[in-house]
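First the proteins, then the strands, lettered A, B, ... as listed; each starts at 1. Note that this is a predicted model, so its numbers are computed, not measured.
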There are 6 protein chains.
Amino acid sequence: MSLNQLGVVKRNIVRADAAAVARLSRLGVATVHEAMGRVGLMKPYMRPIYPGAHVCGTAVTVLLHPGDNWMLHVVVKQLQKGDVIVAACSADSDDGFCGELLATSFRARGCLALVIDGGVRDVRELTEMKFPVFARAISAKGTVKSTLGSVNVPVVCAGALVNPGDVIVADDDGVVVVPAGAAAKTADASEAREANEAEKRKKLAAGELGLDMYKMREALEKAGLKYID
Amino acid sequence: MSLNQLGVVKRNIVRADAAAVARLSRLGVATVHEAMGRVGLMKPYMRPIYPGAHVCGTAVTVLLHPGDNWMLHVVVKQLQKGDVIVAACSADSDDGFCGELLATSFRARGCLALVIDGGVRDVRELTEMKFPVFARAISAKGTVKSTLGSVNVPVVCAGALVNPGDVIVADDDGVVVVPAGAAAKTADASEAREANEAEKRKKLAAGELGLDMYKMREALEKAGLKYID
Amino acid sequence: MSLNQLGVVKRNIVRADAAAVARLSRLGVATVHEAMGRVGLMKPYMRPIYPGAHVCGTAVTVLLHPGDNWMLHVVVKQLQKGDVIVAACSADSDDGFCGELLATSFRARGCLALVIDGGVRDVRELTEMKFPVFARAISAKGTVKSTLGSVNVPVVCAGALVNPGDVIVADDDGVVVVPAGAAAKTADASEAREANEAEKRKKLAAGELGLDMYKMREALEKAGLKYID
Amino acid sequence: MSLNQLGVVKRNIVRADAAAVARLSRLGVATVHEAMGRVGLMKPYMRPIYPGAHVCGTAVTVLLHPGDNWMLHVVVKQLQKGDVIVAACSADSDDGFCGELLATSFRARGCLALVIDGGVRDVRELTEMKFPVFARAISAKGTVKSTLGSVNVPVVCAGALVNPGDVIVADDDGVVVVPAGAAAKTADASEAREANEAEKRKKLAAGELGLDMYKMREALEKAGLKYID
Amino acid sequence: MSLNQLGVVKRNIVRADAAAVARLSRLGVATVHEAMGRVGLMKPYMRPIYPGAHVCGTAVTVLLHPGDNWMLHVVVKQLQKGDVIVAACSADSDDGFCGELLATSFRARGCLALVIDGGVRDVRELTEMKFPVFARAISAKGTVKSTLGSVNVPVVCAGALVNPGDVIVADDDGVVVVPAGAAAKTADASEAREANEAEKRKKLAAGELGLDMYKMREALEKAGLKYID
Amino acid sequence: MSLNQLGVVKRNIVRADAAAVARLSRLGVATVHEAMGRVGLMKPYMRPIYPGAHVCGTAVTVLLHPGDNWMLHVVVKQLQKGDVIVAACSADSDDGFCGELLATSFRARGCLALVIDGGVRDVRELTEMKFPVFARAISAKGTVKSTLGSVNVPVVCAGALVNPGDVIVADDDGVVVVPAGAAAKTADASEAREANEAEKRKKLAAGELGLDMYKMREALEKAGLKYID
């Protein structure tokens, strides 16, 4: 983050290719993360506020300060249909930065979800309106509007680097970030994994051993595995 | 906490005004907490054992020691209709201080809920009987009955000071404590906030920007916010 | 754990007596743990991935290393109907060691559940197929298959010692380990507690005080409890 | 905390009796805490920034908001010789609220130490000038000066209730709060414990068993302790 | 842990071979742990109360309950010269179970150190008398003497299984448990590692690359490592 | 992080301007972080293994996997005089990735320090050789050399984005990252702050109030601060 990134709103960002996003939206986080070589996953403390949400969209990023949600009001004008807000914070904070009113505003602009390395409130209302939030905490603690952060700068959210326009895939297993430039390639690799799994599932359900299916016996023996009675 | 507060049961406490409690019971934790100036909230690790519970009542307080739930048996006789038990502990503990049998006893006296800075067990049974518990942990670990704590002394529960008779409001967003003497004033301020929100929600859903609605543009400009392309 | 326990698969283990397991399967974790004298409970960070699961079976143990799930493939061949896999890890790790494919394989061998001191993924799919997992974390992060651990050695899982063949009881309150040699005795003690509770529940629901029912008044007075007004 | 306690500086507070403070200053935290009946201790995450500090003084309290240290500037004028600042925060925060310049200002007014449920910075400089700080974190993260908190209202700091004027005793074992009204009584009880210990220490060093010295054998036998070979 | 292990003091235990203990006492925890195949290490939250302690002795085990240190008085009579007390707790607890008086008693019997999955107090006095304690927390919070635990039963301490008589090696890097039966073999393997290191250190200090010294280049290339400019 | 960044060693990186690095090396972390507008700080869990270290150098980055330190051997050849290794990990891990031998190798190449979002071991030896390590944990747990990570790719270390060549400043207050392109500008701003402080320190030590020196009274009054008696 360079010095001139505080107090900045970047208006024009390059969003990941829509066709790649559409393909990724049919895939789960575990599959996509695996296909990426196991990088880009946010920390597992990021949890959905209700089970069953599955989101895929393009990142519009926000940098917040603890106890201050001013930039969540500023970001609204920059949202487009299909965007996911990714909000990072300059220090660990469980404050409830977002509630039902803000979410109503986000949705009115076509925004699909909020991913926030901070707290959220009004979770019952958000659950009823089915607006997915992936957050580190639930807290009624409100915030002020007095310190400038930024919109659409690169941020580190829950341990993952997010550039504006990157693809965000989130479901019950967590949140993964696909760099915009790697979206199509990741969709390819993810779909290849997926295609592979139906057949495997059928064999495993029938009792076939992974030891045989994945041909692990030789490697295990070579590594020195011993069977005793 | 003064020296003579261990081993004490205070029988006569002044509960918050019933009319104010009734008004607060129609409001959410986030609204009430906001109306109080953002103080009085318990730490966000306090979570309900099932979603959707909404509780508002007068505090009957208990001071426990780790691994000992004796005072939860003692408190029962002090309960009145509309009370909420607030149990603090003299040291951090995740032990399961309360289960279904104690909850049955609480409910028989008209008690609405348990707020405990400790663990709880029998959560399936408690969920089925719809007895709300807000707790720091779920644990099957039982407790003994051998050390005196106190009932109806001021306690610090999950970081918040609670005096007997204070109003406790709890929902999916957390637990907030309203001092008995401030109940009516807090209800006033909370209702004023609430009245305000329906109109805002409608405007935001129609796509109006918070930037305009809250007249933030000037302040943002003055703070130095820059838009770049 | 002795030096020769890495890279070992023990094939013949003595499972707890089936009749005792059947009796324990009708009991909750809190009751069993209490009947054992309050030992053998795993740490409360072990949580079910969906509410309502209740599992009782015989332990087949696995020792994993962080980031490596090879041994979860190896263990499959050692599973019998009624087993519960108990997976420990040589260092704290939230990685997603197990997903839907492995669970399909476990179930095909009659395995009832997975208890893992690590992470799990595909939680939506696992919930749909009703395969219970008790875990320390949910994480999409996958693992490699390159380091040998062991199968059916004694392990320490979430703070509790588990020997192969021990009985594992798990429900919404947590996970408890009953040593195989103590299964029948624990079932006796647990059933005795259980029998006792129906009558108590009825009395407490009718408003009888635990103070009277458990004859606590004298002990409280002796300990110095004071009632003030 | 009542509604009118935000944005308030209380000028006149009643400090604990100076003679009692002087007596308590010769005693350790463990002894004082024990003498109080094991209440009033702050959570053990409160640690000194260097070993060996031992502080005893009267509390001047501050209520901060995360990321904002304005009130630490405001409090300076309220300090008297022998005071200890106790700073609570309206939500968990590790920000570095205080550094060397503020500490210089505190010391110039006779203040002995800072106890803060938040972060501190410039720890090398603070160590060199031997100004003791007991804090939850060390962090270079600075703060703004834009939101009102309060000075000399009751606060909950690291789980303990502190009223202005209470006695704060802090050393390598932690921080304990002695209510002003209980200072003399606590000094009595603490000194009695202390007097008792020199003799015990001598006996124990000579190999006498606590089992005998404290006459525990009968109680242990009654509780059912069994010796086996 | 079987049912009959509460309320038991086992008097006769088999301590690890003294010659092997003496050899292990010249080795560091990292070396020993490595030689054991990377098992047997306690969790890294176990920290020494002062830097520079290095301890090696035979385990005398204690099982405590939260808030109760009765068994630390009972264990004293079972101590022999060269023993290390390993104290586990039936639930997570940061209470200060042990202080200077108990340590004086331990030392009078020839005990070398205390390893406790709980808290400790009087750390300044313990540091002055150079009695090493490895603990999960420092806390002034005292404990009662009212619930039976056990002495010299197998315990799980900070995630590691410890049998009475096992060897405990502890230094600034942590605490490792060597099963009594594996002590000599572990000393062999540890010394072999150690012998190896002086030569390596010299080469590395002279600037030789580990890439060459450990002949890693081929394996890295085979794994697919790419150098780019 | 794009897909092709695993298994890559980038040889040529652009290090921050040496003159700017030299200027920053005379400044503390708190000052630099403040001058940057309070961004770029690593999480406060990153602590030095001994007090008093002060480091400033250019980042050579490493991406590790949990339990695997292979890349710490690979990075050695890429080190130049004045570099600081910044090691991130693809998942949270407390393993002891680095010890005395590796540090000897780092120092032989002119490397100044290691900053690692993981564990370290041999802390006594590292302290004796005065090689500074800033780490999230101390653990004797060793690692294998079997999975490829990368060298000199952008990494997220303890919540901060680090590009190869960035300036790392670390002292007792934490670790801050200065983007290479902002090094000179940050040195300017930091020195300006520093120059300012000597005068302030003198005034504050003389008892002048920050309220007056910083002219806060008007703003406080405007914000509504009330003084009561």
Side-chain angles (χ1 to χ4, degrees), chain D residues 4-13 49-51 67 69-79 94-96 99-110 119-129 135-153, chain F residues 27-48 51-54 159-160 169-176 193 196-217 219-229:
Chain D
N4 54 2
Q5 288 183 322
L6 275 178
V8 167
V9 179
K10 192 164 162 38
R11 275 181 293 222
N12 299 329
I13 62 172
I49 58 167
Y50 55 85
N69 76 345
W70 212 7
M71 290 299 118
L72 289 180
H73 292 274
V74 171
V75 76
V76 178
K77 200 172 153 50
Q78 310 307 318
L79 292 170
D94 289 345
D95 292 344
E100 173 220 358
L101 284 183
L102 265 172
T104 300
S105 192
F106 297 160
R107 173 164 281 174
R109 310 285 293 192
V120 62
R121 57 183 187 171
D122 296 341
V123 294
R124 194 207 288 218
E125 291 80 359
L126 292 168
T127 301
E128 280 163 8
M129 62 189 270
R136 66 181 288 145
I138 291 170
S139 169
K141 178 144 212 302
T143 47
V144 298
K145 293 159 192 53
S146 67
T147 312
L148 288 190
S150 287
V151 170
N152 279 334
V153 297
Chain F
L27 297 155
V29 169
T31 300
V32 173
H33 174 59
E34 202 66 61
M36 285 181 70
R38 290 197 295 273
V39 293
L41 192 71
M42 293 191 186
K43 305 259 183 199
Y45 62 70
M46 295 294 282
R47 300 297 304 143
H54 186 171
V169 190
D171 64 18
D172 289 339
D173 286 346
V175 185
V176 70
R193 287 188 66 88
N196 218 344
E197 297 211 337
E199 188 60 22
K200 283 188 202 168
R201 191 177 296 113
K202 210 169 115 188
K203 287 187 187 172
L204 292 170
E208 187 166 334
L209 292 176
L211 285 178
D212 299 317
M213 200 167 92
Y214 304 118
K215 303 190 199 316
M216 288 174 174
R217 290 185 197 270
L220 285 164
E221 193 185 335
K222 199 174 154 193
L225 190 67
K226 280 186 198 61
Y227 285 83
I228 61 177
D229 290 319

- request: For each of D:E100, D:Q78, D:K145, tally heavy-atom pairs with chain F at distances under 4.5 Å, and name the one with the top tally.
  value: D:E100
task: Counting only heavy atoms closer than 4.5 Å, note whether D:M129 contacts chain F via side chain, backbone, both or neither.
output: neither
message: For D:S139, is there any backbone N or O sitting under 3.5 Å from a side-chain donor or acceptor partner on F:D173?
response: no
message: Using a 4.5 angstrom heavy-atom cutoff, name the option from D:N152, D:I138, D:T147, D:T104 with the most pairs to chain F.
response: D:I138
task: Mark yes or no for whether D:K10, through its side chain, and F:D229, through its backbone, hold a donor-acceptor pair below 3.5 Å.
output: yes
query: Looking at CG of F:D172 and OG1 of D:T127, how far apart are the two atoms once the value is rounded to the nearest 0.5 Å?
result: 7.0 Å
- prompt: Can you tell me how far CG of F:L220 sits from NE2 of D:H73, rounded to the nearest 0.5 angstrom?
  reply: 10.0 Å
task: State, with a plain yes or no, whether a side-chain heavy atom of F:Y227 is found less than 4.5 Å away from one of D:K77.
output: no
- prompt: Got more than 12 heavy atoms from elsewhere within 6.0 Å of CD, F:E221?
  reply: no
- request: Examine whether an atom of F:A53 lies under 4.5 Å from a heavy atom of chain D, and if so say whether it belongs to the side chain, the backbone or both; otherwise answer neither.
  value: backbone
message: Please identify, among D:D94, D:V76, D:V74, the residue contributing the most non-hydrogen atom pairs under 4.5 Å to chain F.
response: D:V74
- prompt: Between D:R109 and chain F, which part of the residue has a heavy atom less than 4.5 Å away: side chain, backbone, both or neither?
  reply: side chain
statement: If you tally heavy-atom pairs under 4.5 Å between each of D:L72, D:T143, D:I49 and chain F, the highest tally belongs to D:T143
field: Atom pair CZ (D:R121) and OG1 (F:T31), whose distance is rounded to the nearest 0.5 Å
entry: 7.5 Å
F:Y214 portion near chain D, given a 4.5 angstrom heavy-atom threshold: side chain
field: Interchain contact, D:L101 with chain F, by part (heavy-atom threshold 4.5 Å)
entry: both
task: Pick one of side chain, backbone, both or neither for F:E208, based on which atoms fall under 4.5 Å of a heavy atom in chain D.
output: backbone
- prompt: With only heavy atoms counted, which part of F:L41 is less than 4.5 Å from chain D, the side chain, the backbone, both or neither?
  reply: side chain
- prompt: Which answer fits F:L225, side chain, backbone, both or neither, if we ask what part of it has an atom under 4.5 Å from a heavy atom of chain D?
  reply: both
message: Nearest 0.5 Å, please: how far is NZ in F:K200 from CG in D:L102?
response: 10.5 Å
- request: Please answer whether the main-chain N or O of F:G52 pairs with a side-chain N or O of D:R124 as donor and acceptor at a distance below 3.5 Å.
  value: yes
